[in-house]
Amino acid sequence: MASETSATRVSAVTEALEAVKVSNHPVLLHKVTQLRKKTTSNKNFRELLSEITQYLGYEATSDLETKEYVVETPVASHTGQKLKTEVALIPILRSKS
């Protein structure tokens, strides 16, 4: 029975790792480098962290499904897009040893 539990855990971890996205976007890489600099002030660190979170959010949500959505503009009706489901993003940044 313990092996079934262990196998289930390994399967869950493997499935989660397959869903991980790694971004190599040049602007994101630049921001991460600035964040890691020894001379980065606390204020600048927090600002960079906020910017990086936004970039990661864009990357992570790039393949979400949308549906048509009609809105009224000041001039006329417009058919745009709306996400099919609600989304919650939780950024986790960690350093390597």
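Since we're looking at a predicted model, the values are computed, not measured. Numbers here simply count residues along the sequence, with the first being 1.
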- In chain order, what residues pass the side chain to side chain contact (heavy atoms under 4.5 Å, CB included) check against Thr40, with sequence neighbours excluded? Lys37, Asn44, Phe45, Leu48
- Task: Determine, using the 4.5 Å side-chain heavy-atom cutoff (strictly less than), whether Leu49 and Leu56 are members of one ILVMFWY cluster.
- Result: yes
- Message: Once salt bridge (charged side-chain N to carboxylate O under 4.0 Å, His left out) is applied, what residue pairs with a partner in residues 68-88 remain, sequence neighbours excluded?
- Response: Glu65-Lys84
- Pairing residues for Val70 by the side chain to side chain contact (heavy atoms under 4.5 Å, CB included) criterion, not counting sequence neighbours: Ser77, Thr79
- For Lys67, check salt bridge (Lys or Arg N to Asp or Glu O under 4.0 Å) against everything at least two apart and list the hits. none
- Item | Residues in side chain to side chain contact (heavy atoms under 4.5 Å, CB included) contact with His25, at least two apart in sequence or another chain | Ser23, Val27, Leu28, Glu59
- Message: Taking salt bridge (charged side-chain N to carboxylate O under 4.0 Å, His left out) as the cut-off, I'd like each qualifying pair that reaches into residues 47-57, sequence neighbours left out, listed once.
- Response: Lys31-Glu51, Lys43-Glu47
- Listed partners of Val87 passing side chain to side chain contact (heavy atoms under 4.5 Å, CB included), at least two apart: Thr61, Leu64, Leu83, Leu89
- List in chain and number order the residues that pass side-chain hydrogen bond (donor to acceptor under 3.5 Å, both in side chains) with Asp63, two or more places apart in sequence or in another chain; answer none if no residue qualifies. Lys21
- Test item: Ser50 side-chain N/O and Arg46 main-chain N/O as donor-acceptor pair under 3.5 Å: no
